[in-house]
Number of protein chains: 2
Amino acid sequence: MDETDDTLMVKAAWLYHVGGLNQAETAERLGLTRARVNRLLADALEEGVVSITVDRQLAGMVPVEEALRRRFGLDFCQATPALDLGLDRQPATDKGDRAGLSPAQKVAFRAVGLLGANHLRAHLARDEPATVGLGWGRTLEQMTLHMAGVSAPNARFISLMGSLTANSAFNPFELVHTLAKRTGGEGYFLPVPFIADTVEDKQVLLSQRQVAKALAIAETATLCMISVGELEESALLRRQGMLTAADLDSLHAAGAVGDTNGIFFDANGRPVDHPLNKRTIAVPFDVLRDLNVVLMVASPEKTRAAAALLASGIVNGLIIDGDAALKMMDRT
Amino acid sequence: MDETDDTLMVKAAWLYHVGGLNQAETAERLGLTRARVNRLLADALEEGVVSITVDRQLAGMVPVEEALRRRFGLDFCQATPALDLGLDRQPATDKGDRAGLSPAQKVAFRAVGLLGANHLRAHLARDEPATVGLGWGRTLEQMTLHMAGVSAPNARFISLMGSLTANSAFNPFELVHTLAKRTGGEGYFLPVPFIADTVEDKQVLLSQRQVAKALAIAETATLCMISVGELEESALLRRQGMLTAADLDSLHAAGAVGDTNGIFFDANGRPVDHPLNKRTIAVPFDVLRDLNVVLMVASPEKTRAAAALLASGIVNGLIIDGDAALKMMDRT
DNA sequence: CAAGACGAATTACATTTGTTACGAGGGATG
DNA sequence: CATCCCTCGTAACAAATGTAATTCGTCTTG
């Protein structure tokens with residue numbers, strides 16, 4: 001069943017994309033309905049049986065990538081094509097949008113997600129067994145959507161942080177779960193809240209055997225993919241209700257400009273001295289520093305936070321939205 | 001100009017294919033007309049800026065490929081997905097078709113052409129300078145169509161045989177020319193007719209310095225891509241008027257079952273003893289035997305000739321239409 | 001400066017594609 | 001055995017895409 005179905009899908013895809021037939025002709029050739037062919041083709045794209053690649057070399061971002069790579073001492077830097085040409089359209093309406101993302105942002109997330117997925121795919125394709133540490137957020141979520149059709153039964157995916165209360169698609173647990181399912185690998189996550197209620201609680205939670213075990217795995221990660229959050233009202237942490245407005249203010253007062261995995265850092269990428277940072281449950285910077293960490297940045301609003309995190313020296317590779325990359329270049 | 005255009009193309013392609021916008025939205029986003037975006041996208045596909053890949057693993061041809069690889073002692077074998085499921089449709093109408101190809105054949109040529117192009121592309125992507133020897137025919141022509149967007153300024157393309165009189169798109173000269181132009185490499189070809197009028201003429205032609213030089217280059221080829229012709233009324237050689245019906249008969253009488261580059265061979269892949277073989281101007285089998293030769297076979301009608309050529313031992317790699325591959329398996 | 005050539009925008013139209021609603025099999029499941 | 005659930009075929013429609021004809025500006029060229 002399974003094989004027949006895949007084979008049929010490949011045949012349809014081959015006739016359509018390679019053979020240059022249209023869906024009606026393809027259907028006739030295979031003795032199927034046009035509607036069925038249409039669905040087969042859609043599924044083939046969905047499942048990664050056919051994939052579309054755009055040459056990044058011609059996008060003109062190579063100089064920018066190289067400049068960022070050198071400035072922050074990275075192993076590599078990849079940027080998506082810049083699209084805004086410097087002029088933002090209706091940014092006012094975008095910013096306040098609480099429900100979803102503006103169209104421009106959506107494209108950015110998808111694009112960065114794709115590049116991230118390609119990087120991860122390449123990592124999984126190596127011979128050595130892979131252990132992949134993961135942050136959370138919409139960028140990472142987009143990455144998982146592009147990971148269809150990748151098989152990596154020996155891979156382990158592990159969350160670098162505790163879980164959210166709200167069960168969104170970009171929850172650490174969901175991310176790990178999705179990746180494990182799609183690749184056939186194993187998923188691990190920290191079965192504790194993201195931010196403990198008190199410092200004492202955190203100690204109790206950390207002492208759990210399950211948690212210690214998971215953290216030990218995380219420390220052996222061969223690749224970590226994380227994102228960064230800016231510290232504004234529009235921040236995802238704030239929207240998710242993980243932070244109160246008062247929290248935000250006091251974090252600002254402590255010099256924080258952003259967070260990654262719930263660890264708040266200042267303009268130099270150093271964790272700030274703040275109660276919240278003592279309650280967060282996540283793999284700390286000191287551990288990340290020795291791991292292979294790739295940062296994904298999907299929106300120009302995050303340039304300040306991203307620059308700060310890059311300055312911390314824990315990041316080895318950067319995958320960034322083209323417009324964000326240009327903006328980052330502008331701030332000298 | 002040039003760069004701007006490419007960049008625009010990449011942006012449009014990125015928004016459309018990665019960002020998931022439709023052409024109207026893409027146009028709006030870039031401040032262009034929908035029609036322009038449509039053309040940009042078409043061009044992007046045409047020029048190889050965006051490429052569509054179909055996973056060959058799932059086509060179910062791997063066992064067949066492996067079997068063929070072993071039987072003929074090849075380095076590799078790639079087959080396109082089989083589509084006919086063993087049952088041919090209107091083969092009668094197809095066979096006599098003098099003008100063009102049946103739809104089924106067209107797909108086969110394109111598919112094999114694509115795989116050939118991928119192989120060639122990979123060869124050109126190596127670090128070492130490449131010298132590529134080329135045969136002729138519609139299969140090879142299709143290959144050149146899929147070579148857009150490949151840059152290989154150090155590559156040399158050389159025809160393994162003389163030229164046709166009729167200036168078709170699959171003429172050796174045209175093939176070499178197209179490839180050189182598309183990749184930015186150099187093209188060489190044998191400036192002599194494919195089949196000399198007499199044996200004496202052949203000697204004269206071969207003695208030309210230009211010709212000797214070209215042949216010397218051909219003998220250093222790092223990769224040769226050739227195809228095979230069956231020896232029937234429908235054969236391209238016959239259609240092109242290179243062979244008379246009488247020629248065909250006498251070749252059959254001499255035991256010939258097919259040709260490659262105008263060299264006629266028997267069921268064991270050995271050149272037959274026939275006047276025509278003494279007049280053909282092409283790199284001989286003894287030279288090819290020491291080169292890295294890849295054979296492309298695009299139609300089930302050619303299985304007998306292909307099998308014979310494979311038996312000769314001059315072929316190192318095979319790229320074949322899926323239905324032809326199955327048919328070849330059937331003849332035990 | 002006029003004429004013509006070229007590229008691109010506009011428009012309109014034909015084709016292709018995506019999506020939905022509906023009904024007929026065809027296994028699983030109780 | 002009835003029923004549910006899923007898949008597929010059918011048909012119709014809406015949306016998107018491809019293409020050609022036309023016009024307009026701009027740049028070249030005589």
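The structure displayed is predicted, hence computed values, not measured ones.
Summarising the geometry, atom CZ belonging to F189(B) is positioned 12.0 Å from atom CG belonging to L175(B); distances are rounded to the nearest 0.5 Å. Put simply, CG on N171(B) and CD on Q240(B) are 8.5 Å apart, with the number rounded to the nearest 0.5 Å.
Checked against side chain to side chain contact (heavy atoms under 4.5 Å, CB included), S51(B) has the following partners two or more places apart in sequence or in another chain: T53(A). With sequence neighbours left out, the side chain to side chain contact (heavy atoms under 4.5 Å, CB included) criterion links V176(A) to L134(A), F157(A), S159(A).
Between W136(A) and L236(A), some side-chain heavy-atom pair lies under the 4.5 Å cut-off. Contact check for M9(B) versus E47(B): side-chain heavy atoms found under the 4.5 Å cut-off. Using a 4.5 Å cut-off on side-chain heavy atoms (C-beta onward), V132(A) and L124(A) make contact.
Consecutive Watson-Crick or G-U pairing (both distances under 3.5 Å) extending over three or more pairs maps onto DNA chain C as C:1-30 with D:1-30.
For the pair M61(A) and A325(A), the tightest heavy-atom approach, listed with the atom from each and the gap, is CE-CB, 4.3 Å.
Rounded to whole angstrom, the span from the CD atom of E28(B) across to the C1' atom of dA9(C) amounts to 16 Å. The CD-P distance, from Q23(B) to dT16(C), rounds to 15 Å in whole Å. Between the C1' atom of dT16(C) and the CD atom of E25(A) lies a distance of 11 Å, rounded to the nearest Å.
Between the side chain of R56(B) and the backbone N or O of A79(B) there is at least one donor-acceptor pair closer than 3.5 Å. At distances below 3.5 Å, at least one donor-acceptor pair connects side-chain atoms of T80(A) with backbone N or O atoms of G322(A).
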Report, one line per pair, each donor and acceptor closer than 3.5 Å where one atom sits in a side chain of residues 108-121 of chain A; sequence neighbours left out.
| residue | atom | partner | partner atom | Å |
| --- | --- | --- | --- | --- |
| R110(A) | NE | V18(B) | O | 3.1 |
| R121(A) | NH2 | H146(A) | O | 3.1 |

Atom pairs, protein N/O to nucleotides 13-15 of chain C N/O, distance under 3.5 Å:
none

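Closest contact between the side chain of Y16(A) and the listed nucleotides dT17(C), dT10(D), dA8(C) involves dT17(C). Minimum atom distance to the side chain of R36(A) is reached by dG9(D), of the listed dG9(D), dA8(C), dT17(C).
Applying a 4.0 Å cut-off to non-hydrogen atoms, none of the residues of residues 37-50 of chain B approaches DNA chain C.
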